[in-house]
Q: 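First, the structure itself, so that you have it in front of you.
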Amino acid sequence: MRSTNVRRAGFAAMALALSTPAACGGAHGDGTARPLAALRSAERSTDRAESVRVRSTLSYGKALSLSSDGALRWHDGVTGHLTIRYTGGALAAAMRKAGTPSLQARYLPDAYYARMSDTFAERAGGRHWIKYGYADLARGGDGFGMYLKDQMRNTTPNQSVKMLLASGDVRRVGTERVQGVTATHYRGRVRVADLAGRDSGLSARELAGLKRQLDQAGVRTESVDLWIDHRNLLVKKVERADTAQGSLVSTAYYRDYGVRISAEAPPVSDTRDFTELARSQGGAAGR
């Protein structure tokens, strides 16, 4: 059952590393209209860039803190890779105990793969990689699987801009230096009950998806800060929220937009599907 705990810890940690909860509110007056126009330009520019290098940190109550770095592409589904390092919390302690203080993650349009430790492989038929198919996550049946599917397929920086657009509650804070460049700082507040379509430029489907992600994460209100450079590209984001599991703080830095990125599935001979692992562990627990 120790490997069951390890698998669950890695699954939750990865989802939290990529978690980017949404936005809400209603736009009023020229003071909000100008920031919304700037964010729409940033959303279009970021979307067209199609790839980026990312470095981030996350803390989630007493459960977990971690850092990650890598690169992502979003032209046709999310493709890329991240290295995730567990730095604190109960889940991190479980991962370290299992010999996996960090892991590699690979993203393909239909699934994400996590490389675990040799210790884990000894309990998983000698295989190091776990495959999490997005379709399988959506069929989880408890709502959480759909939430993780949404989060893992919507991890790109343009999603953060969409979140703040959806709030309508946006203001310009000022200009600051971020990673050596001058960037404009925008701030908004997200209230799930008030997610707005008016003036956001987002479709009803996009708004419904953002609301579902927040609801399933237990988020009612969240603050979002974005820093956008002179090219209308997001260079930093900070999100803060109180969730059912504790305080969530996520910070990310973005650079090298347009970087070339490639990722491929690990060898089948070194990969286990998480649904197969769940069945085998369930059987082992019942014996």
Q: With no hydrogens and no angle check, do the side chains of S65 and S59 hold a donor and an acceptor under 3.5 Å apart?
A: no
Q: Sequence neighbours excluded, which residues qualify as side chain to side chain contact (heavy atoms under 4.5 Å, CB included) partners of R48?
A: R44, S45
Q: Can you list everything that forms a ring pair (Phe, Tyr, Trp, His ring centres under 6.0 Å) with W227? Sequence neighbours excluded, please.
A: H185
Q: Flag the pair R127 / F120 as yes when at least one side-chain heavy-atom distance between them is below 4.5 Å, and no otherwise.
A: no
Q: Under the side chain to side chain contact (heavy atoms under 4.5 Å, CB included) rule, collect the residues that match up with R73, sequence neighbours excluded.
A: S51, H75, T79, I261
Q: Under the side chain to side chain contact (heavy atoms under 4.5 Å, CB included) rule, collect the residues that match up with R96, sequence neighbours excluded.
A: A92, A93, P101
Q: On the 0 to 90° scale, with breaks at 30° and 60°, tag the Y112-Y107 ring pair as parallel, tilted or perpendicular.
A: parallel
Q: Short question: side chain of Y186, backbone of I228 - any donor-acceptor pair under 3.5 Å?
A: no
Q: Go through the steps for R187 and D225 under the test salt bridge (charged side-chain N to carboxylate O under 4.0 Å, His left out), then give the verdict.
A: CA-CA 4 Å; R187 176 173 294 159; D225 289 79; 2.6 Å; yes
Q: Look up atom CG in L82 and atom CZ in R53, then write down how far apart they are to the nearest 0.5 Å.
A: 12.0 Å
Q: Would R189 and D169 pass as an ion pair if we require N to O under 4.0 Å?
A: no
Q: With a 4.5 Å cut-off on side-chain heavy-atom distances among I, L, V, M, F, W and Y, is there a chain of contacts connecting Y113 to M95?
A: no
Q: Flag this pair as yes if the NZ/CZ of R55 is under 6.0 angstrom from the six-membered ring centre of Y253 and inside a 45 degree cone about the axis; otherwise no.
A: yes
Q: According to a 4.5 Å side-chain heavy-atom criterion applied to Ile, Leu, Val, Met, Phe, Trp and Tyr, with indirect links allowed, do Y254 and V161 form part of one hydrophobic cluster?
A: yes
Q: Side-chain heavy atoms under 4.5 angstrom apart, residues restricted to Ile, Leu, Val, Met, Phe, Trp, Tyr: same cluster for V224 and V170?
A: yes
Q: List in chain and number order the residues that pass side chain to side chain contact (heavy atoms under 4.5 Å, CB included) with A90, two or more places apart in sequence or in another chain; answer none if no residue qualifies.
A: none
Q: Can a donor-acceptor pair be found between the side chains of T182 and T175 at a distance below 3.5 Å?
A: no
Q: Within the structure provided, determine whether Y60 and L91 are in side-chain contact (heavy-atom separation under 4.5 Å).
A: no
Q: As a quick check of understanding, evaluate side-chain contact (heavy atoms from CB on, under 4.5 Å) for M116 and H128, giving each step before the final call.
A: CA-CA 5 Å; M116 307 298 285; H128 294 85; 5.7 Å; no
Q: Between E43 and K162, is any pair of side-chain heavy atoms under 4.5 Å apart?
A: yes
Q: Any donor-acceptor pair under 3.5 Å linking the side-chain atoms of S67 with those of T57?
A: no
Q: Any side-chain heavy-atom pair from K131 and D273 closer than 4.5 angstrom?
A: yes
Q: Which residue pairs satisfy the salt bridge (charged side-chain N to carboxylate O under 4.0 Å, His left out) criterion with at least one member in residues 74-86, sequence neighbours excluded?
A: D69-R85
Q: For residues L108 and Y134, determine if any side-chain heavy atom of one lies less than 4.5 Å from a side-chain heavy atom of the other.
A: no
Q: Does L226 reach the side chain of L39, with side-chain heavy atoms less than 4.5 Å apart?
A: yes
